[in-house]
Protein chains: 2
Amino acid sequence: MTAPARAFEGMKAIDGTGDSAVLTELMAAVGRNARAAARALARAPAEQKNRALSAMAKAIRASKAAILAANAEDIAQARNSGMTGAMLDRLALTEKNIEGIAAGIEVVRDLTDPVGAVMDSWTRPNGLTIERVREPLGVVGIIYESRPNVTADAGALCLKAGNAAILRGGSDSTHSSRAIHACLVQGLRDANLPEAAIQLVPTRDRDAVGLMLTGLDGNIDVIVPRGGKGLVARVQLEARVPVFAHLEGVNHVYVDKAADLAMAKAIVLNAKMRRTGVCGAAETLLVDRAAASTHLKPLIDMLIDAGCEIRGDDAVQAADKRVKAASDDDWKTEYLDAIITAGVVNGVDDAIDHIERYGSHHTDAIVTADQAAAEKFLAQVDSAIVLHNASTQFADGGEFGFGAEIGIATGRLHARGPVGAEQLTTFKYRIRGTGQTRP
Amino acid sequence: MTAPARAFEGMKAIDGTGDSAVLTELMAAVGRNARAAARALARAPAEQKNRALSAMAKAIRASKAAILAANAEDIAQARNSGMTGAMLDRLALTEKNIEGIAAGIEVVRDLTDPVGAVMDSWTRPNGLTIERVREPLGVVGIIYESRPNVTADAGALCLKAGNAAILRGGSDSTHSSRAIHACLVQGLRDANLPEAAIQLVPTRDRDAVGLMLTGLDGNIDVIVPRGGKGLVARVQLEARVPVFAHLEGVNHVYVDKAADLAMAKAIVLNAKMRRTGVCGAAETLLVDRAAASTHLKPLIDMLIDAGCEIRGDDAVQAADKRVKAASDDDWKTEYLDAIITAGVVNGVDDAIDHIERYGSHHTDAIVTADQAAAEKFLAQVDSAIVLHNASTQFADGGEFGFGAEIGIATGRLHARGPVGAEQLTTFKYRIRGTGQTRP
């Protein structure tokens with residue numbers, strides 16, 4: 001048995017037993033194995049990584065029955081422990097989901113390999129040529145909750161960018177994640193890549209998360225949490241390594257006085273109601289006071305007709321009796337539901353100030369035909385994504401053309417916005433000379 | 001008096017008194033003032049920032065006498081407390097140094113403004129145009145030791161990139177830093193920029209550093225330590241915000257069998273001896289076994305003639321009796337002195353493995369006429385800067401053409417290598433549509 005396989009079997013055996021000394025030792029081994037794998041991956045040609053990704057997709061398809069059986073076990077346990085509808089939905093896999101997982105791996109395979117790309121190059125007066133070249137980040141730790149497909153999505157994307165992945169799935173999806181992980185390992189083996197390139201760590205023992213957050217002796221370069229606010233907040237608070245995460249998307253649509261009403265209605269409806277549970281969903285509607293008399297009531301009617309609850313300031317409440325009063329907290333709330341906070345502001349400057357005060361620097365949009373107002377909004381709103389005349393629901397790596405994403409980052413360092421393969425790389429400087437020395 | 005000026009006067013008054021409650025409160029105010037200033041700076045046009053930089057340089061020149069007087073006070077105190085030669089040298093300012101500080105600010109002024117630059121843009125099939133645009137990082141904390149010129153260098157570079165700076169100089173240079181800081185504030189005022197764009201915090205109270213490392217309630221986005229290993233290690237260990245730093249530069253020159261001897265001699269001599277105290281100085285020489293019979297002895301003779309002590313492995317010791325035995329620690333040591341560790345390796349693969357094992361991922365060079373060996377080294381050595389046929393002492397923002405740098409980063413995230421104005425920015429996505437909604 002290989003070292004990573006031994007570590008994996010060891011962890012499976014102790015998972016949930018609370019044996020923290022053994023866990024600590026095994027997790028340290030996971031870190032070392034990941035670092036060694038990352039070194040090998042950094043040198044692996046695109047073709048070899050792609051061969052592994054093809055083999056992974058193939059293995060997933062060939063293992064449909066096994067994955068479904070593992071998933072049935074998870075579902076049964078979840079039901080026994082009283083899991084509710086939405087969470088059960090996230091956990092449940094169907095044949096179609098599994099085909100989607102395999103196809104998703106192939107989408108990642110077909111992306112351009114970011115590693116080795118020359119981002120910039122120039123020649124100095126002394127004849128030195130300097131290139132800035134993309135390199136893998138190293139080892140990426142991913143901590144996620146019930147969706148078992150993240151096992152494959154995150155593993156594949158990390159591999160594409162030449163990174164080793166340490167995956168920590170939710171305890172609810174233990175069996176499903178292990179079954180999917182086995183297919184990924186099969187793919188790595190088929191392409192002669194190290195098995196430790198994608199490792200799965202104990203899902204039941206909460207200490208495993210704590211150990212990952214310490215960085216495993218410098219063997220994790222970045223951590224990506226994927227899940228609810230509780231998880232993300234814990235990771236952001238405790239991690240001793242950099243984190244790519246967004247805590248929440250308190251996203252705004254500002255309807256300017258120069259907004260075309262039909263366009264504003266289409267964008268507001270889509271931004272709020274297309275899918276209310278995604279991080280790019282709008283949570284606050286701001287309407288320019290100068291357009292309130294013409295635009296506010298139609299927007300309110302449209303939202304309420306679509307089944308959206310509105311919590312408004314005085315002006316919005318005055319416009320329609322069905323509007324509830326917004327509390328101070330509502331302006332900062334990510335509902336992820338068919339609820340919106342709505343207010344009237346005094347033009348684009350006031351809208352920008354409001355967003356600065358209450359927003360979460362995720363995604364914000366302006367609807368206007370006034371180019372100057374649009375440019376001001378795009379320049380001054382300090383969010384990862386700012387849009388003019390488009391829905392906030394475009395906040396998505398796929399919609400950006402990234403092919404796949406591991407999440408959306410609202411931090412300011414390294415990755416901001418959708419985190420795709422390119423964002424999972426770093427760079428180095430490659431300098432070529434002819435014997436130059438520094439005077 | 002403005003709020004930042006009040007905070008500054010308050011901190012001056014309590015600095016060194018150990019009044020930690022007041023310090024905590026004042027530091028929190030510094031953070032809030034910095035964030036507010038950063039927002040204003042992010043919107044400031046290049047011309048206004050440049051006007052401030054010009055005014056700062058002018059104020060520095062006009063205040064030569066005051067700065068020298070302040071510096072004399074620092075020097076007297078340092079002498080009293082028994083400071084030694086090299087440290088005193090770093091602390092001492094001359095008229096020429098002060099002119100250099102003013103000229104350095106003008107160099108920064110004349111750099112291209114990185115803010116607002118479009119890094120990338122593309123159009124999606126649905127007609128959305130997406131741009132990735134450079135934005136300021138926000139608030140940068142700089143923690144440095146005795147060199148008072150860092151006050152101006154760091155403050156100017158942060159301003160150029162649209163960032164607010166919170167500066168924490170060394171206690172030894174308190175008076176000098178305050179005198180220089182007063183000139184920077186004068187420049188900000190002259191250009192109608194917020195004074196809190198560059199704030200100086202207590203230099204005597206070690207708690208001020210600890211408070212900065214907490215991030216001041218989210219009001220510091222990144223910390224840059226500049227100083228000795230003790231400082232950098234403490235910052236890396238304790239910081240709860242991202243850090244751009246290098247702990248040490250254990251840099252290698254590998255002389256391949258296909259190296260031209262004259263070129264190898266010139267590069268090794270320059271890499272080691274041009275300036276031994278800089279982070280780009282070579283600390284280890286590796287010679288290919290296949291070239292040892294022809295290249296090793298001349299390299300040893302040259303280094304010893306130049307006054308360099310050599311600590312070697314068995315092969316290097318065998319080549320010259322003056323070579324001392326290298327301990328295991330020597331291979332990992334950044335001497336910053338006229339000492340080098342030297343060893344014989346079995347070709348480029350062995351050299352790469354050695355650098356991976358003992359290096360610090362800073363700057364490493366290969367000397368060879370063999371293009372394949374060079375490309376392998378450039379691809380596989382995992383350092384911020386890798387060079388072919390050039391001296392490691394080119395590891396410097398100025399030599400890269402960045403105009404100025406705030407340091408060299410060996411971390412993998414966001415900034416790697418020289419940290420210039422561009423590296424002190426982040427980006428956002430600006431999306432322009434014509435009413436697009438997501439299907």
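Below, chains carry the letters A, B, ... as their sequence lines are ordered, and counting in each starts from 1.
- Considering every non-hydrogen atom in both A:Tyr429 and B:Pro418, the closest pair reads CE1-CD, 4.0 Å.
- The environment of B:Arg275 atom CZ is sparse: at most 12 non-hydrogen atoms of other residues, nucleotides or ligands sit within 6.0 angstrom.
- With a 4.5 angstrom heavy-atom cutoff, B:Ile385 touches chain A via backbone and side-chain atoms both.
- Residue A:Glu135 touches chain B through its side chain alone, counting heavy-atom pairs closer than 4.5 Å.
- With contacts defined as side-chain heavy-atom distances shorter than 4.5 Å, the pair A:Glu399/B:Leu128 does not qualify.
- With a 4.5 angstrom heavy-atom cutoff, B:Asn126 touches chain A only via side-chain atoms.
- At distances below 3.5 Å, not a single donor-acceptor pair connects side-chain atoms of A:Arg430 with backbone N or O atoms of B:Val386.
- Contact of B:Val241 with chain A is not made at all, since no heavy-atom distance falls under 4.5 Å.
- The nearest pair of heavy atoms linking B:Arg132 to A:Gln423 is NH2-NE2, 3.2 Å.
- Between B:Arg416 and A:Phe427 the shortest heavy-atom distance is CD-O, 2.8 Å.
- Between chain B and the options A:Asp221, A:Val133, A:Val243, heavy-atom pairs under 4.5 Å are most frequent for A:Asp221.
- Side chains of B:Arg438 and A:Val278 form no contact here, defined as non-hydrogen atoms less than 4.5 Å apart.
- For chain A, no part of B:Leu269 is nearby; none of its heavy atoms comes within less than 4.5 Å.
- The two atoms that bring A:Trp122 and B:Phe400 nearest to each other are NE1-O, 2.9 Å, heavy atoms only.
- Put simply, the side chain of A:Thr426 gets close to the backbone of B:Arg412: a donor and an acceptor are under 3.5 Å apart.
- Only the backbone of B:Ala239 comes within less than 4.5 Å of a heavy atom of chain A; no side-chain atom from C-beta onward does.
- Interface check for chain A: of the options B:Ala365, B:Pro439, B:Ala384, the most heavy-atom pairs under 4.5 Å are formed by B:Ala384.
- Of the two parts of A:Ile366, neither the backbone nor the side chain holds a non-hydrogen atom closer than 4.5 Å to a non-hydrogen atom of chain B.
- Looking at B:Thr392, there are no atoms closer than 4.5 Å to chain A (heavy atoms on both sides), in backbone or side chain.
- Only the backbone of B:Ala379 has a heavy atom closer than 4.5 Å to any heavy atom of chain A.
- Highest contact tally toward chain A, considering only B:Ile267, B:Asn270, B:Thr425, is held by B:Asn270 [criterion: heavy-atom pairs under 4.5 Å].
- Not a single donor-acceptor pair under 3.5 Å links the side chain of B:Arg432 to the backbone N or O of A:His388.
- Considering only heavy-atom pairs separated by less than 4.5 Å from chain B, the leading option among A:Ala271, A:Ser383, A:Gly435 is A:Gly435.
- Counting heavy-atom pairs closer than 4.5 Å to chain B, the top-ranked of the candidates A:Leu237, A:Asp260, A:Asp396 is A:Asp396.
- Contact of B:Glu131 with chain A is not made at all, since no heavy-atom distance falls under 4.5 Å.
- Heavy atoms closer than 4.5 Å to chain B are found in the backbone of A:Pro136, but not in its side chain.
- If you take NZ on B:Lys428 and CG on A:Leu378, they are separated by 7.0 Å, rounding to the nearest 0.5 Å.
- Of all heavy-atom pairs spanning A:Gly433 and B:Ala390, the tightest one is CA-CB, 4.5 Å.
- With chain B as the partner, the residue from A:Arg124, A:Gln393, A:Arg39 showing the most heavy-atom pairs under 4.5 Å is A:Arg124.
- Heavy-atom pairs under 4.5 Å with chain B were tallied for A:Gly417, A:Pro125, A:Gly401, A:Ala369; the largest tally goes to A:Gly401.
- Taking all atoms of both residues into account, the shortest heavy-atom contact from A:Thr434 to B:Met263 is O-CE, 3.5 Å.
- Proximity to chain A (any heavy atom under 4.5 Å) is restricted, for B:Ile352, to the side chain, taken from C-beta onward.
- A:Ala42 does not touch chain B: none of its heavy atoms, backbone or side chain, sits under 4.5 Å away.
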